[in-house]
Amino acid sequence: MALHQKVVQQLDRHRNGDPYPVMVLRAEPAWPHEPTLPLPDGRLARVAACVSPLAVWERLVADRADEVLVLLTDVPESRLGLGVRSRIFRQQVITVEPWDLVVEAFGAHLPDSALEQESWAGEALLDAMPPAGWPRLSSRVLTRDVALRHLAAVRLGLERRDENSDDLDVAALLRWSAEPAAVDAFALLRAAERDGLTNWLIEQFGRPARALFALVAAGHGADALPLGLVCDAVWSTDAADAGRIQGRIDQHFGHLNDDATVRSFAEAAVQVVAGLLAAPGERGRGDSAAPRRQGHAVLRRAEELLIQFGATGIAGHSAILRTGFTRRVEAVSRALLAGLDDPTDPALDQAVQALDGHLLAESEAGRIHRIRMAQRLVRWLASDVPPPASVADGVQRHIEEWGWVDRALHQVWAGDDIHPDLRAAFRAVHDRAQQRRRDLDGAFARRLAAWATAGPGNDGDLLTIENLLPTVVEPLIRAQRPVLLVVLDGMSAAVAAELAQELSQQWVEYDPLGGRAAGRRRGVVAALPTLTAVSRTSLFAGALRSGNQDTELRLFAEGRWGAGARIFHKGPARGSAGEVFSEEIRTAMADPARLVAVVINTVDDALAYGREGDEPGWQLTDVGFLRSLLDLASYTGRAVLITSDHGHVLERDGEYVRSTDAVSARHRTGPAPAGPGEIELSGPRVVAEQNRIIALWDPLRRYRPTRAGYHGGASLAEVTVPLLAYLLPNVSDVPAGWVPVEGRRPEWWQPQVGAPAVSPPEPARARAPGSRSRRKPPVVTGDALFDVPQPAPAPAATGGSDLVTALLATELFGAQHGLTPRRIDRGKIEAAMRALVEAKGVLPAAVLAQRAGELPARAGGFVITLQRIFNVDNYPVLSLIDDGRTVRLDISLLRTQFGLPDGDA
């Protein structure tokens with residue numbers, strides 16, 4: 001490249017009329033490359049090496065094609081003679097000055113003196129020049145740091161990672177060391193260049209670079225990143241044998257004997273590997289998982305080095321090594337067991353928080369998710385859980401709390417595949433929580449038996465499966481409201497809780513029977529026995545009866561649910577090639593006057609045939625074409641109701657009970673009295689011969705061969721049918737009686753956490769109206785790589801009413817309220833703040849708007865106005881979380897900002 005540049009430069013500057021001159025350059029008489037070089041004007045230059053004056057003469061007199069001839073020789077010009085010189089380009093031997101070529105290549109005019117003192121750099125810069133040349137500079141002087149930074153970027157292969165010289169830093173150096181054969185390639189450079197680059201990189205990047213190149217010189221450069229992780233563990237402990245292990249590691253550095261340098265190097269290595277593990281996948285960036293794979297490869301090698309150095313026993317505190325993660329898992333396992341005996345012990349929350357702070361937490365998200373579920377069950381076991389006082393009480397508490405218990409139980413049952421201590425802890429927690437759930441099922445079954453026997457008239461406000469459509473859907477049909485009714489056959493309260501969490505990202509959940517009360521998710525009582533033939537037919541008939549798919553089709557054809565209403569079952573709902581669902585569904589959904597009902601059997605099928613994979617949870621993508629169906633409903637502006645016909649229990653090492661009169665896996669009809677785990681159900685709500693069945697309430701018993709799950713019995717999970725009702729967030733014409741659901745999770749669901757790692761900035765104190773603050777809004781500081789988001793401090797539970805009264809009486813509130821461009825009625829502000837305080841600081845935005853007397857469709861603007869009032873100097877007293885769907889009030893910060901006393905106002 002340098003030769004080509006010099007030839008072109010000379011031909012451009014010195015035109016002598018001969019289009020094909022002979023150019024003699026002083027250089028080493030060797031040319032191992034292609035013999036011809038293409039010139040910009042289309043000519044060719046042929047390169048030849050000449051070791052003597054005679055060789056030069058022979059080239060001059062030999063016949064040659066129409067080519068520029070370039071001769072390389074180290075013969076002094078005086079020995080060539082006048083005859084040779086008279087026939088060559090410019091009548092002289094042209095000397096190739098490396099710095100001239102280098103400066104020219106960068107578009108500069110001269111090198112600075114510091115660069116010229118690096119005698120090795122000129123040749124190295126010419127040799128390493130990229131095919132497209134060095135980048136052109138705007139300055140006249142080529143400085144040492146600029147030139148060597150570009151040289152280092154090429155020699156370290158930054159372009160392989162889509163990086164350039166601007167990205168050269170300690171992290172880039174360490175990532176380079178982990179690339180296959182990268183350190184070996186560096187060792188093949190000429191000694192002068194290798195030493196020069198090493199010295200410059202150490203000069204630029206200090207101690208981490210010094211340690212790295214000490215490893216390179218000692219032959220251990222390829223282990224730099226994993227060794228850095230080991231050093232981080234060994235140099236940050238006061239274990240008794242730490243000094244002895246440090247001495248062993250020092251030998252890898254060639255006896256560097258500089259603890260400060262090693263610590264700095266270790267810190268840099270941890271940050272680099274953490275970045276690799278957390279690297280996001282980007283579309284269009286090739287193998288987006290490659291950095292994460294490289295990070296895990298480094299961790300595996302680090303574990304091998306721990307064993308080699310005998311450091312496994314002292315690395316348990318590491319926040320990045322797998323050994324440290326394992327030790328934290330073991331601590332959680334011990335704390336789970338201890339928490340069963342002493343619920344007041346804070347060790348469990350602390351252990352889970354420490355585990356979550358480990359840098360492998362993200363890649364081990366599934367394991368940590370199950371640990372959190374076990375933690376929640378321990379917290380639930382520590383709470384007071386009275387038995388259900390009635391069927392209505394049991395169904396509603398199952399929707400609001402016990403279905404969440406079942407959700408956690410499913411996750412803990414799935415267990416762990418690596419850690420034996422954790423498996424044992426999971427089993428202990430699962431068995432203890434499952435026993436409590438069985439006790440609740442038994443108590444509920446006794447209430448259910450009495451309720452079924454009493455017959456109609458004892459329901460109160462309890463919603464039953466046969467009354468669901470008359471009560472909820474018929475008013476919408478009369479109001480000509482377009483409705484999509486989705487029946488997820490077999491969906492339990494636990495499954496509904498999971499799906500609702502994902503649905504909240506796009507839809508707003510409503511209570512269709514809320515009236516003026518606070519909205520809540522409703523539970524519906526299934527028909528008995530809890531079978532599809534009974535409960536689903538009763539749902540669509542609006543009356544207790546049994547039937548099948550043909551019965552349901554006939555009901556819709558007869559106009560039971562309005563003219564043109566359509567129901568789609570499993571077969572007709574499916575589309576042909578290239579279609580998610582049938583064109584009939586699309587056509588029916590386009591007609592706003594029609595009720596459209598779709599039955600999806602995914603959950604029920606999973607009970608019969610099982611599910612692939614080891615993840616017990618349910619997501620929208622797991623449930624047939626539900627997501628696509630909801631998207632279609634959003635395009636057509638339909639209200640969405642998602643319900644089921646019955647729930648289910650899962651196979652959990654249950655007992656097979658032999659019975660000759662079993663009609664399903666969970667109920668029988670013979671005359672024998674109820675035995676252990678059974679309950680006799682009789683009365684008008686039992687759709688069976690003589691209106692009587694014997695049903696299993698114990699979820700660990702069955703009458704039929706083993707399957708993935710069962711239904712037909714009398715447990716809470718089978719009898720309770722969840723009802724989810726949704727509208728889009730921008731809907732202004734909310735149906736009469738519909739109110740947003742608060743969506744509260746059980747108190748024990750969210751574990752307690754310690755203080756945040758980074759203290760928040762001190763908020764402003766109350767000031768006189770009109771005064772101005774010069775302070776900037778708070779910013780997050782610290783190393784983001786290790787920041788762990790922490791939830792807001794738990795607000796005070798007392799003094800809510802007095803707190804709001806005192807707040808609205810402050811001079812600062814009056815001033816802030818007066819400055820808002822859209823003045824909100826003080827009554828609405830008071831109602832909103834009281835609702836937030838009562839909800840312990842967190843409410844869905846739609847619920848907050850409804851509590852304040854605003855339409856849910858205006859929730860966004862309402863919250864923004866509240867933020868203008870209460871977020872003085874941009875301190876986040878009121879903030880939006882969950883992608884803007886939920887409002888959070890920091891009560892502690894509110895007290896500070898508005899000068900309110902702690903505790904009761």
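Just so you know, residue 1 is the first one in the sequence shown, and it goes up from there.
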- Query: Can you tell which of D604, D645, T530 makes a side-chain hydrogen bond (donor to acceptor under 3.5 Å, both in side chains) with H711?
  - Reply: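 In the set D604, D645, T530, the residue that makes a side-chain hydrogen bond (donor to acceptor under 3.5 Å, both in side chains) with H711 is D604.
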
- Query: Can the positive tip of R376 be found less than 6.0 Å from the middle of the six-membered ring of W749, inside 45° of the ring normal?
  - Reply: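 Relative to the ring axis of W749, which defines the angle, R376 lies inside both limits.
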
- Regarding R446 and the six-membered ring of W697, is the cationic atom NZ or CZ under 6.0 Å from the ring centre and inside 45° of its axis?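 Here R446 fails the 6.0 Å and 45° test against W697.
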
I'd like to know if [X] and [Y] make a salt bridge, using a cut-off of under 4.0 Å between side-chain N and carboxylate O.
X: E854; Y: K828; result: yes
X: D416; Y: R367; result: yes
X: E838; Y: R834; result: no
X: D417; Y: R423; result: no
X: R372; Y: D356; result: yes
X: R627; Y: E502; result: yes
X: D421; Y: R334; result: no

Compare all side-chain heavy atoms of [X] with those of [Y] and state whether any distance is below 4.5 angstrom.
X: I465; Y: V721; answer: yes
X: I642; Y: M491; answer: yes
X: P512; Y: L723; answer: yes
X: P876; Y: L893; answer: yes
X: L894; Y: F898; answer: yes

- Query: For the side chain of S504 and the backbone of Q501, is there at least one donor-acceptor N/O pair under 3.5 Å apart?
  - Reply: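 Present.
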
- Would you say S644's side chain and G647's backbone share a donor-acceptor pair under 3.5 angstrom? no

Roughly how far apart are [X] [atom1] and [Y] [atom2], rounded to 0.5 Å?
X: L630; Y: R638; atom1: CG; atom2: CZ; value: 12.5 Å
X: L650; Y: L409; atom1: CG; atom2: CG; value: 10.0 Å
X: N871; Y: D890; atom1: CG; atom2: CG; value: 10.0 Å

- Message: Testing L843, V804, V847 one by one against L836 for a side-chain contact (heavy atoms from CB on, under 4.5 Å), which residue passes?
- Response: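 Among L843, V804, V847, the one meeting side-chain contact (heavy atoms from CB on, under 4.5 Å) with L836 is L843.
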
- Message: Under a 3.5 Å cutoff, is there a donor and acceptor pairing between the side chains of S333 and E330?
- Response: no

- Message: Parallel, tilted or perpendicular, judged at 30° and 60°: which one describes the rings of Y726 and W507?
- Response: perpendicular

- Query: Do the ring planes of F325 and H358 sit parallel (below 30°), tilted (30 to 60°) or perpendicular (above 60°)?
  - Reply: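 Perpendicular: the ring planes of F325 and H358 meet at over 60°.
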
- Item | Residue pair A708 / G610: nearest heavy atoms and the distance that separates them |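 Looking at all heavy atoms of both residues, the closest pair is CB-CA, 3.7 Å.
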
